[in-house]
Amino acid sequence: MKLGRDFFDRSVHEVAPHLIGVTLLVDGVGGVIVEAEAYDQEDPAAHGYRGRTERNASMFGPPGHAYVYRSYGIHWCLNFVCEPSDVASAVLIRALEPTHGLDIMRIRRGLDDPRLLCSGPGRLCQALGVTRAHDGRSLADPPFELRARQGTPELDIGTRVGITKAADELWRYAMAGSPFVSRRFRSRD
DNA sequence: CAGTGGATGCTCT
DNA sequence: GAGCATCCACTGT
């Protein structure tokens with residue numbers, strides 16, 4: 001079952017936790033989203049914070065579309081744009097539990113361990129073949145496919161990874177205890 | 001298991 | 001010219 005048409009027409013802080021458990025496929029290859037981070041329009045760590053530029057234009061576009069950017073000159077990172085147009089906010093997809101097309105992922109990644117195929121924003125883009133070519137594309141149309149989750153997973157919540165500004169905001173969400181997250185959370189009691 | 005440093009290409013100041 | 005929303009290899013416990 002596909003996601004509702006208005007799934008992304010709300011705050012990133014509501015969308016991000018609701019994405020955990022959703023299945024993401026790109027040309028039939030992908031898995032269950034187990035980790036995501038929210039970046040809102042008043043967030044100094046967000047690319048849209050200082051206004052619209054050529055790179056972040058997709059963030060200012062309609063919700064339910066992809067924002068893909070190059071990270072550290074090497075990797076690609078995939079975001080889902082949220083809220084109305086002209087409000088720059090998006091959710092960074094940080095990790096998947098691979099379920100579809102593992103053979104293709106292994107070839108693209110050059111390794112076998114399922115835990116290392118999609119456990120990080122750069123890794124999952126390599127495994128799913130996501131590049132700049134996907135920037136601005138609708139998540140409701142091929143090659144993307146999003147399938148609604150069944151039930152409500154328990155969440156781990158923590159601070160975001162790899163940033164220096166607004167580093168204390170608890171805007172990182174993950175499926176509790178998943179071995180497929182990019183980094184472990186603080187020990188839970 | 002923790003910490004460090006290099007690769008690498010843009011974007012923005 | 002600085003600074004990355006990262007990953008991997010390598011070091012030392």
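So that the names make sense, note that chain A is the first sequence line, chain B the second, and so on, each numbered from 1.
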- prompt: B/dC10, C/dA5, C/dC4: which one has an atom nearest the side-chain heavy atoms of A/Lys165?
  reply: C/dC4
- request: Kindly point out which of C/dC7, C/dC4, B/dC10 is positioned nearest to the side chain of A/Thr164?
  value: C/dC4
- request: Have a look at A/Ile163 and say if it touches a base, only the backbone sugar-phosphate, or nothing, with a 4.0 Å heavy-atom cut-off.
  value: sugar-phosphate
task: Would you mind reporting whether A/Tyr49 and A/Lys165 have side-chain heavy atoms less than 4.5 Å apart?
output: no
- request: Applying side chain to side chain contact (heavy atoms under 4.5 Å, CB included) between A/Trp171 and each of A/Asp40, A/Val12, A/Thr159, report the one that passes.
  value: A/Asp40
query: Within less than 4.0 Å of OP1 or OP2 of C/dT6, is there a side-chain N or O belonging to A/Arg94?
result: yes
field: Most 5' of A/Ser71 and A/Thr53 on DNA chain B, judged by nearest nucleotide
entry: A/Ser71
task: Could you check how far CG of A/Asn56 sits from P of B/dT11, rounded to whole Å?
output: 11 Å
message: Please name the nucleotide paired to C/dA5 by Watson-Crick or G-U wobble geometry with both distances under 3.5 Å, or report none.
response: none
- line: Of all heavy-atom pairs linking A/Pro98 and A/Leu117, the shortest is CG-CB, 4.1 Å
query: Rounding to a whole Å, what distance do you find between A/Arg50:CZ and C/dA5:P?
result: 10 Å
query: Pick one: which of A/Leu139, A/Val26, A/Leu78 meets side chain to side chain contact (heavy atoms under 4.5 Å, CB included) with A/His134?
result: A/Val26
message: What is the distance, to the nearest angstrom, from the CZ atom on A/Arg132 to the P atom on B/dG9?
response: 15 Å
query: A/Asn79 CG to C/dT6 P: how many Å, rounded?
result: 11 Å
message: Quick check, does A/Tyr72 stack with B/dG9? I mean ring centres under 5.5 Å and planes off by under 30°.
response: no
field: Check: A/Ile163 and A/Glu169 side chains under 4.5 Å, non-hydrogen atoms
entry: no
- prompt: If you pin A/His75 and A/Arg55 to their nearest nucleotides in DNA chain B, which one's is more 5'?
  reply: A/His75
- prompt: Among the nucleotides B/dC10, C/dA5, C/dC8, which one has an atom lying closest to any side-chain atom of A/Arg109?
  reply: C/dC8
Integer-rounded Å distance: C/dG3 P and A/Ile74 CD1: 18 Å
query: For the pair made of NE2 in A/His47 and P in B/dC12, what is the distance, rounded to whole Å?
result: 9 Å
Length of the line joining A/Arg52:CZ and B/dT11:C1', which is rounded to integer Å: 16 Å
- prompt: What's the CZ-P distance between A/Arg123 and C/dC7, to the nearest Å?
  reply: 6 Å
